[in-house]
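Accompanying notes for the structure given below.
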Amino acid sequence: MTKEIKTIGVLTSGGDAPGMNAAIRAVVRTAIARGLKVKGIKKGFQGLLNDEVVDMERKDVSDIIQKGGTILGTARSSEFKTEEGQKAGAEICKKNKIDGIVVIGGDGSYRGARALSKFGVNTIALPGTIDLDIACTDYTIGFDTAVNTAMQAIDKVKDTSSSHERCSIIEVMGRNAGYIALWCGVANGAEDILLPEYYDFNEQTIINNIIANRKKGKTHHLIINAEGIGHSTSMAKRIEAATGIETRATILGYMQRGGSPTAIDRYYASMMGAYAVDVLIKGHTNRVVGYKAGEFVDYDIDEALEMQKNIDEYQYEISKLL
Ligand code: ATP
């Protein structure tokens, strides 16, 4: 028997990502248009445990689609990783008459959504992460904006390093996933792209490459380093010592998370937010929304968490030859 949904909650969890506000806006407005009540839960699962629950109306999401971050706030909650925490969270949902909940976050947040589903609250998750590292979807909320922000910053560093004939190492976000590094590597014309998925930690190859390029008359050498490789500053020192070429490291850091979302992030996040509400209305639970082969789809969370994704070998190969 499917459960009738009258009130849905929405929360953002894990790292913030540009486009989360577009998703929240779409959840609120679609739900209201379908005759449901909506409650916003502040600061992720921790806010749920603290009963930080507010009513949301159409006007509460006015003028937010263009804003980075998340108006609901986000957090990481270790308490919610415990079974007692999860039961308490489900009780707070019931107390607030929340029968379905939209969780916007990365795969850690999916596990939180799965726990709420287990304790009787219907759940659906949206892929909110700048890292693009979720296997059940070709699109994640925030990736497009983050990659464009990083690309523009790298263009600027490249201008100055070419003028000074320097070698530049630029570290972009991606602890376990190299998608931002791969895309920037291609989009910025990097000489070397270091990805956690493929890097063999053989610095000598890079050093030889720099020396060979300089002999051919290249005025700059750009290395894009994914955060998961790390050590950008010490790598710069070693490369400078080995090549005699001035080498600087720039760590882009949190600036890649912020800023106004691109049209792609506003559009897809809006569609996913609406789609999530429509799946909940059907009475489904423990689901996650994805975008695959040009369509919005949904999967069981357990199935989604078991899927594997890796950087495509062909794309990596091409990134090196360009
Ligand atoms: P990002 O990709 O930005 O890191 P994420 O959603 O993967 O986002 P996490 O910190 O892994 O970020 O998870 C966010 C929150 O989800 C955690 O702080 C915790 O409250 C909840 N969570 C994570 N793992 C679990 C789990 N196994 N069971 C229940 N809740 C979990």
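Read the numbers this way: they start at 1 and go in the same order the structure lists the ligands and their atoms. This is a predicted model, so every value here is computed, not measured.
Residue Gln204 qualifies as enclosed at atom CD: its count of foreign heavy atoms under 6.0 Å is above 12. Atom CZ of Arg175 sits in a sparse spot, with 12 or fewer heavy atoms from other residues, nucleotides or ligands closer than 6.0 Å. Within a 6.0 Å sphere centred on NZ of Lys67, other residues, nucleotides and ligands contribute more than 12 heavy atoms.
Nearest to atom 26 (C) of ligand 1 among the protein's heavy atoms is Arg111 CB, 3.4 Å. From the protein, the heavy atom lying nearest to atom 3 (O) of ligand 1 is Gly15 N, 2.9 Å. Protein heavy atom nearest atom 7 (O) of ligand 1, with residue, atom name and distance: Gly108 N, 2.9 Å. Here the protein heavy atom with the shortest distance to atom 14 (C) of ligand 1 is Ser13 OG, 3.4 Å. Considering only non-hydrogen protein atoms, atom 9 (P) of ligand 1 sits nearest to Arg76 NH1, 3.4 Å. Closest to atom 2 (O) of ligand 1 among all protein heavy atoms lies Thr129 OG1, 3.6 Å. Protein heavy atom closest to atom 18 (O) of ligand 1, with residue, atom name and distance, is Ser77 N, 2.6 Å. Of all protein heavy atoms, the one lying nearest to atom 30 (N) of ligand 1 is Gly112 CA, 3.3 Å.
Between Tyr316 and Tyr198, the ring planes are parallel. Angles under 30° get that label, and only those over 60° would be called perpendicular.
With hydrogens and angles left out, the side-chain atoms of Glu171 and Ser232 include a donor and acceptor closer than 3.5 Å.
Near Gly106, meaning under 4.0 Å from one of its heavy atoms, ligand 1 places the atoms 2 (O), 5 (P), 6 (O), 7 (O), 8 (O). Heavy-atom contacts of Gln86 reach the following atoms of ligand 1: 28 (N), 29 (C) (cutoff under 4.0 Å). Close approach to Phe80 involves these atoms of ligand 1, each under 4.0 Å from a residue heavy atom: 20 (O), 29 (C), 30 (N).
Considering backbone and side-chain atoms together, Lys81 places no N or O closer than 3.5 Å to any N or O of ligand 1.
In this structure, Asp131 falls outside the shell of residues with a heavy atom less than 4.0 angstrom from ligand 1.
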Kindly determine whether Asp51 and Asn96 satisfy side chain to side chain donor-acceptor pair (under 3.5 Å), including the steps that lead there. CA-CA 9 Å; Asp51 203 2; Asn96 286 286; 3.0 Å; yes
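Because its NZ or CZ atom is both nearer than 6.0 Å to the ring centre of Tyr179 and within 45° of the ring axis, Lys309 counts as a cation-pi partner of that residue.
Hydrophobic clustering keeps Phe143 apart from Tyr267 (ILVMFWY residues linked when any side-chain heavy atoms are closer than 4.5 Å, directly or through intermediates).
Here the side chain of Arg25 pairs no donor or acceptor atom with the backbone of Arg29 at under 3.5 angstrom.
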